[in-house]
Amino acid sequence: MKFLEYTPLDRINDFLRHVNLGERTIKGCLEAYSCKHTGTDKKLSLSLEHEILDYLGKSSDTDSSSPVEVLSCRSSRKTLIYLILALYHIYPDYDFSAVKAHQFFTEECWDSFKQIFDTYMFEASKEWIEANEGSPLLETLYKALDEVVKLAECEIYSYNPDSDADPFLERGAIWSFNFFFYNRKLKRVVNFRFSCLSNLVAEEFLTDELCYEEDGEIFDDMDM
């Protein structure tokens, strides 16, 4: 997959890089990718396909938690593989298991995304309006996404792994969301992740590190 640069996304990224709300900070990032294979994508894609088929072979239709019916469709498997490949490009040092990744992908609609955005990004949206005269943040986001992936033709997915297996969670994270906007015709996907971090936890962490370094300096001066 190839990272794609789009000016409309850059403007929103610049704003969401760090939105300080006092005790909390909102962070967000939009990244667009072409689904055309590059580098090791083809080899990884084949490996993921084999893992999914192996998973299907070991699953049964009687298992209510098993996504057998969905993954039996080749186009659905292809979509899943594109989303996993995007994850690998976003976090190249993290290992995403094909089966595990599927269990955490949920198909969404724009209304469900909008509800989450309006609820959790309410204060950030107010900051956007103060800093940018004109369109609200969600409207600006909609126009940017529509320009890149044509929202009317998009499939929307959320990625919700367990917290202990989530590479997107930072220290002090209060909440975190991760969405993919995938246009099958354009073979293009946009990832939008946004989170809220506690500034108090971050400050405590920095204080602990400073104390540790100071203690280290004291021990350095001692004869052992």
Side-chain angles (χ1 to χ4, degrees), residues 1 3 9-33 65 80 82-132 136-138 140-142 144-145 156-182 189-213:
M1 302 181 83
F3 176 75
L9 302 185
D10 291 342
R11 183 188 173 202
I12 300 173
N13 280 334
D14 288 341
F15 171 74
L16 291 178
R17 187 169 287 114
H18 188 93
V19 183
N20 195 321
L21 300 174
E23 294 184 352
R24 291 166 293 122
T25 291
I26 299 289
K27 288 185 177 183
C29 184
L30 287 151
E31 292 185 1
Y33 292 91
S65 63
L80 170 62
Y82 283 145
L83 298 181
I84 298 173
L85 287 176
L87 287 173
Y88 271 107
H89 280 270
I90 295 166
Y91 280 85
D93 296 328
Y94 199 88
D95 180 31
F96 295 94
S97 159
V99 174
K100 187 175 183 181
H102 173 79
Q103 293 171 341
F104 298 127
F105 277 109
T106 305
E107 192 162 2
E108 308 282 355
C109 65
W110 175 260
D111 286 342
S112 62
F113 167 78
K114 180 180 181 297
Q115 185 176 2
I116 290 172
F117 188 93
D118 284 341
T119 302
Y120 290 89
M121 296 291 280
F122 177 74
E123 291 180 275
S125 297
K126 290 200 301 184
E127 293 290 325
W128 169 270
I129 291 174
E130 289 182 13
N132 301 271
L137 179 56
L138 181 60
T140 305
L141 175 65
Y142 183 96
L145 288 170
I156 304 174
Y157 297 88
S158 60
Y159 179 62
N160 304 296
D162 292 335
S163 58
D164 59 352
D166 188 353
F168 303 97
L169 283 182
E170 297 183 40
R171 180 179 292 273
I174 299 172
W175 50 256
S176 177
F177 293 96
N178 202 309
F179 288 90
F180 290 86
F181 300 83
Y182 170 57
V189 61
V190 172
N191 170 252
F192 179 36
R193 53 196 183 274
F194 51 102
S195 61
C196 179
L197 310 176
S198 168
N199 291 337
L200 300 177
V201 172
E203 289 170 4
E204 289 175 3
F205 175 68
L206 290 174
T207 301
D208 290 344
E209 279 210 326
L210 182 60
C211 291
Y212 176 80
E213 289 175 1

Task: Set of residues satisfying side-chain hydrogen bond (donor to acceptor under 3.5 Å, both in side chains) with respect to Thr106, sequence neighbours excluded - done: none
Task: Smallest separation among heavy atoms of Ile26 and Cys196, with atom names - done: CD1-CB, 3.8 Å
- [ ] Check whether any side-chain heavy atom of Glu123 sits under 4.5 Å from a side-chain heavy atom of Val19, and report yes or no.
- [x] no
- [ ] Go through the structure and list residues passing side-chain contact (heavy atoms from CB on, under 4.5 Å) with Asn20, not counting sequence neighbours.
- [x] His18, Thr25, Asn199
- [ ] Please list, chain by chain and in numerical order, all residues satisfying ring-ring contact (aromatic ring centres under 6.0 Å, His included) with Tyr182, sequence neighbours excluded.
- [x] Tyr82
Task: side-chain contact (heavy atoms from CB on, under 4.5 Å) between Leu30 and Leu16, worked out - done: CA-CA 9 Å; Leu30 287 151; Leu16 291 178; 5.5 Å; no
- [ ] Check Ile156 against Cys109 and note the closest heavy-atom contact, atom names and distance.
- [x] CD1-C, 3.9 Å
Task: By side-chain hydrogen bond (donor to acceptor under 3.5 Å, both in side chains) - contacts of Asp118 (at least two apart) - done: Lys114
- [ ] Evaluate the criterion side-chain contact (heavy atoms from CB on, under 4.5 Å) for residue pair Ile129 and Leu137; output intermediate values, then yes/no.
- [x] CA-CA 7 Å; Ile129 291 174; Leu137 179 56; over 6 Å; no
- [ ] Mind listing the closest non-hydrogen atom pair of Phe117 and Ser125 along with its distance?
- [x] CE2-OG, 3.8 Å
Open item on the list: Can you list everything that forms a side-chain contact (heavy atoms from CB on, under 4.5 Å) with Tyr120? Sequence neighbours excluded, please.
Closed with: Ile116, Trp175, Phe177
Task: Spatial distance of atom CZ (Phe15) from atom CG (Asp10) [nearest 0.5 Å] - done: 15.5 Å
Open item on the list: Can you tell me how far apart CZ (Arg11) and CG (Leu141) are? Round to the nearest 0.5 Å.
Closed with: 11.5 Å
Open item on the list: Looking at every non-hydrogen atom in both residues, tell me the closest pair between Gly28 and Asn13 and how far apart they are.
Closed with: O-OD1, 4.3 Å
Task: Minimum side-chain heavy-atom gap Leu85-Val189 below 4.5 Å - done: no
TODO: Test Phe113 against Phe179 for ring pair (Phe, Tyr, Trp, His ring centres under 6.0 Å), laying out the working first.
DONE: CA-CA 8 Å; Phe113 167 78; Phe179 288 90; 4.9 Å; yes
- [ ] To the nearest 0.5 Å, tell me how far Cys29 SG sits from Ile12 CD1.
- [x] 11.0 Å
Open item on the list: With a 4.5 Å cut-off on side-chain heavy atoms, are Val190 and Leu145 touching?
Closed with: yes
- [ ] List the atom of Phe194, the atom of Met121, and the distance in Å for their closest heavy-atom pair.
- [x] CD1-SD, 3.6 Å
Task: Results of side-chain hydrogen bond (donor to acceptor under 3.5 Å, both in side chains) for Glu31 - residues two or more places apart only - done: Tyr33, Arg193
Task: Taking every non-hydrogen atom, the tightest pair across Arg17 and Lys27 - done: O-CG, 3.6 Å
TODO: Please round to the nearest 0.5 Å and tell me the distance separating atom CG of Asn160 and atom CG of Asn178.
DONE: 8.0 Å
Open item on the list: How long is the straight-line distance from CZ of Phe104 back to CG of Leu87, given to the nearest 0.5 Å?
Closed with: 12.0 Å
Open item on the list: Between Leu138 and Trp128, is the side-chain contact (heavy atoms from CB on, under 4.5 Å) condition met? List the steps.
Closed with: CA-CA 10 Å; Leu138 181 60; Trp128 169 270; over 6 Å; no
Task: Asn191 (side chain) donor-acceptor with Ile90 (main chain) under 3.5 angstrom - done: no
TODO: Just say parallel, tilted or perpendicular for the rings of Tyr159 and Phe105, cut-offs at 30° and 60°.
DONE: tilted
- [ ] Measure the OG-CD distance between Ser198 and Glu23 for me, rounded to the nearest 0.5 Å.
- [x] 7.5 Å
